[in-house]
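Comments concern the structure below.
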Amino acid sequence: MKRRFAALLVPALLILAGCTATAAPEGAATGPDRAPRPSPFADCATLADPPGTAPTAPAPTGSVAPSGPAAPTGSAGATDSGGTGSSPAPAGGGGSLLPELVLSCFTGGAPVALRDVRGPAVINVWASWCPPCRQELPAFQRLSVRAAGQLQVIGVNSRDSRDGAQAIGEDFGIRFPVLFDQGEALQRELRRTAVPLTLLVDAQGRVRHTDTSGALDDARLAELVRRHLGLAVPA
């Protein structure tokens with residue numbers, strides 16, 4: 001009798017032990033089900049709009065419009081009414097158009113055709129594994145804030161991992177739009193291999209200057225923008 005009771009008891013205990021050992025706590029998250037971190041970078045939807053054309057609230061009737069940079073209405077050589085805004089853009093029609101490439105936006109959404117990007121723009125090609133890139137990225141972020149409405153600052157993350165790029169964006173507070181170019185398509189079109197690489201693009205979409213001098217600081221960026229795009233941006 002005792003043997004029969006033990007034979008029945010052992011399987012029951014094994015079943016009970018197996019259920020408690022394999023059951024996950026209610027509500028526990030597993031690795032593949034974790035929600036992705038939100039991207040630190042801005043959306044790319046406005047890259048095809050000229051700088052300074054973002055929708056704003058209309059000014060009250062009869063009020064004086066606030067001062068500040070305005071979207072150009074004529075040639076790139078126009079200056080503001082106070083004489084302290086943009087300097088005349090370089091004369092001549094030199095420079096080649098941006099390559100006919102379509103790149104994905106880091107935040108998702110519709111891919112971006114580089115030829116549709118509206119300048120003036122400063123395009124910075126970078127990677128998280130590149131020390132000079134990490135050194136200069138905060139200066140590009142500050143430029144995007146100081147020159148808001150005058151030009152667009154755009155990043156192109158090249159030959160990098162999404163996790164690495166995301167971490168750099170979070171650590172350095174990078175908020176401008178970033179395109180993802182894992183295959184170095186833009187560098188191949190430009191026949192440039194090194195990063196960082198910075199392009200200064202005018203309002204007609206022509207590359208007026210390609211800079212490969214290394215990490216740029218605020219003063220150097222402001223000088224390049226003034227010289228090649230004819231815009232005065234505080235350093």
Side-chain angles (χ1 to χ4, degrees), residues 40-54 69 71-72 76-77 85-90 94-99 101 103 105-106 112-127 130 132-158 165 168-169 172-181 186-187 189-190 192 194-235:
F41 309 118
D43 186 76
C44 304
T46 61
L47 294 184
D49 300 327
T53 59
S86 58
S87 305
S96 59
L97 291 171
L98 284 168
L101 286 177
L103 299 176
C105 182
F106 199 94
V112 175
L114 286 184
R115 287 281 178 93
D116 291 341
V117 170
R118 290 293 171 261
V122 175
I123 301 176
N124 178 242
V125 184
W126 62 278
C130 160
C133 300
R134 297 196 300 270
Q135 181 180 344
E136 70 177 5
L137 272 172
F140 282 91
Q141 171 59 29
R142 290 189 290 269
L143 176 66
S144 72
V145 174
R146 292 196 306 268
Q150 291 180 278
L151 59 82
Q152 304 199 73
V153 175
I154 305 164
V156 176
N157 182 248
S158 178
I168 290 296
F172 294 160
I174 306 304
R175 299 292 179 261
F176 50 79
V178 172
L179 303 175
F180 200 54
D181 185 17
L186 177 56
Q187 288 165 268
E189 289 288 335
L190 297 172
R192 305 276 183 168
V195 289
L197 171 68
T198 299
L199 309 177
L200 285 92
V201 182
D202 66 15
Q204 287 71 46
R206 295 188 176 274
V207 179
R208 303 305 297 264
H209 177 70
T210 301
D211 193 275
T212 57
S213 62
L216 300 173
D217 58 17
D218 296 82
R220 177 65 176 153
L221 268 176
E223 170 61 18
L224 290 173
V225 168
R226 183 198 65 78
R227 182 185 303 173
H228 299 289
L229 299 181
L231 297 173
V233 177

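All of these numbers come straight from a predicted model, not from anything done at the bench.
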Side-chain heavy atoms of [X] within contact of [Y], under 4.5 Å:
{"X": "Thr212", "Y": "Leu197", "value": "yes"}
{"X": "Asn157", "Y": "Phe41", "value": "no"}
{"X": "Asp218", "Y": "Arg146", "value": "yes"}
{"X": "Phe176", "Y": "Leu137", "value": "yes"}
{"X": "Leu221", "Y": "Glu136", "value": "no"}
{"X": "Asp211", "Y": "Arg220", "value": "yes"}
{"X": "Ile154", "Y": "Leu47", "value": "yes"}
{"X": "Cys105", "Y": "Pro177", "value": "no"}

Working to the nearest 0.5 Å, report the span between [atom1] of [X] and [atom2] of [Y].
{"X": "Leu200", "Y": "Leu151", "atom1": "CG", "atom2": "CG", "answer": "8.5 Å"}
{"X": "Asn124", "Y": "Gln141", "atom1": "CG", "atom2": "CD", "answer": "12.0 Å"}
{"X": "Ser96", "Y": "Arg208", "atom1": "OG", "atom2": "CZ", "answer": "10.5 Å"}
{"X": "Thr198", "Y": "Leu224", "atom1": "OG1", "atom2": "CG", "answer": "8.0 Å"}
{"X": "Thr210", "Y": "Arg192", "atom1": "OG1", "atom2": "CZ", "answer": "5.5 Å"}

What heavy-atom pair brings [X] and [Y] nearest, and what distance separates the two atoms?
{"X": "Cys130", "Y": "Pro196", "value": "SG-CD, 3.7 Å"}
{"X": "Leu229", "Y": "Ala121", "value": "CD1-O, 4.0 Å"}
{"X": "Gly155", "Y": "Trp126", "value": "CA-NE1, 4.0 Å"}
{"X": "Pro99", "Y": "Arg115", "value": "O-CG, 3.8 Å"}

Report yes or no: does [X] contribute a side-chain atom to a donor-acceptor pair with the main-chain N or O of [Y] at less than 3.5 Å?
{"X": "Arg226", "Y": "Val233", "answer": "no"}
{"X": "Gln152", "Y": "Asp49", "answer": "yes"}
{"X": "Asp181", "Y": "Leu186", "answer": "yes"}

Parallel, tilted or perpendicular: ring planes of Phe180 versus Phe106, cut at 30 and 60 degrees: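 Rings of Phe180 and Phe106: perpendicular, over 60°.
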
Pair Leu199-Leu98, side-chain contact (heavy atoms from CB on, under 4.5 Å): steps then yes or no: CA-CA 9 Å; Leu199 309 177; Leu98 284 168; 4.1 Å; yes

